[in-house]
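Both ligands and their constituent atoms are indexed starting at 1 by order of listing. The figures here come from the full heavy-atom set of this structure, side chains too, leaving out hydrogens, waters and symmetry mates.
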Amino acid sequence: MALLKILEFPDSRLRTKAKPVEQVDDGIRQIIADMLDTMYKAPGIGLAATQVNIHQQIIVIDISEAKNKPLCLINPILLKQEGRQHSEEGCLSVPDIFEEVERAESIMVEALNQQGESFSLTTDGLLAVCIQHEMDHLKGKLFVDYLSSLKRERIRKKLKKLKKEKSS
Ligand code: NI
């Protein structure tokens with residue numbers, strides 16, 4: 001088990017655009033295993049490789065109560081999106097901050113699994129929110145980007161203060 005360090009806003013590395021995975025091999029499967037360990041330990045329900053400073057298009061998610069239904073999406077592509085929903089989001093890279101964000105209500109996404117096989121998934125609700133949130137990370141985008149610049153600045157200051165308190 002290896003825990004990876006999670007980058008925190010406003011770290012500029014979170015703005016990196018991830019590259020597609022060229023081949024799903026043991027190296028990629030190791031990254032996925034480490035990302036899952038890191039996500040469960042945090043604890044969180046989703047993690048994008050960008051957040052652990054690996055700039056390849058890999059996402060892990062588990063929204064199950066028992067934390068036993070890991071979902072992995074490699075090179076995800078959004079094929080369809082419909083409707084709108086608003087929900088409060090958080091992010092392991094923006095600790096202790098929760099804000100309402102608007103997302104598509106239902107989506108259809110295509111990706112590769114850990115075996116390198118292509119699959120498509122149609123989903124809505126929390127899982128759809130989670131996939132959209134993590135796909136944003138791969139583009140260098142954070143949920144705080146949907147908020148006003150005033151609010152984002154307030155969050156940046158709050159996190160800076162929290163960090164100072166933790167280190168002192
Ligand atoms: Ni996030």
Can you tell if the side chain of [X] reaches within under 4.5 Å of the side chain of [Y], non-hydrogen atoms only?
| X | Y | answer |
| --- | --- | --- |
| Leu121 | Leu71 | yes |
| Pro20 | Gln56 | no |
| Asp34 | Leu3 | no |

* Using 2.8 Å as the cut-off, count the protein N, O or S atoms closer than that to the Ni ion (ligand 1). => 3
* To do: Determine whether more than 12 heavy atoms belonging to other residues, nucleotides or ligands lie under 6.0 Å from atom CD of Glu117.
  => yes
* Neighbour count above 12 (heavy atom, 6.0 Å) for Gln115 CD -> yes
* Asked: Between Gln132 and Asp136, is any side-chain donor less than 3.5 angstrom from a side-chain acceptor?
  -> no
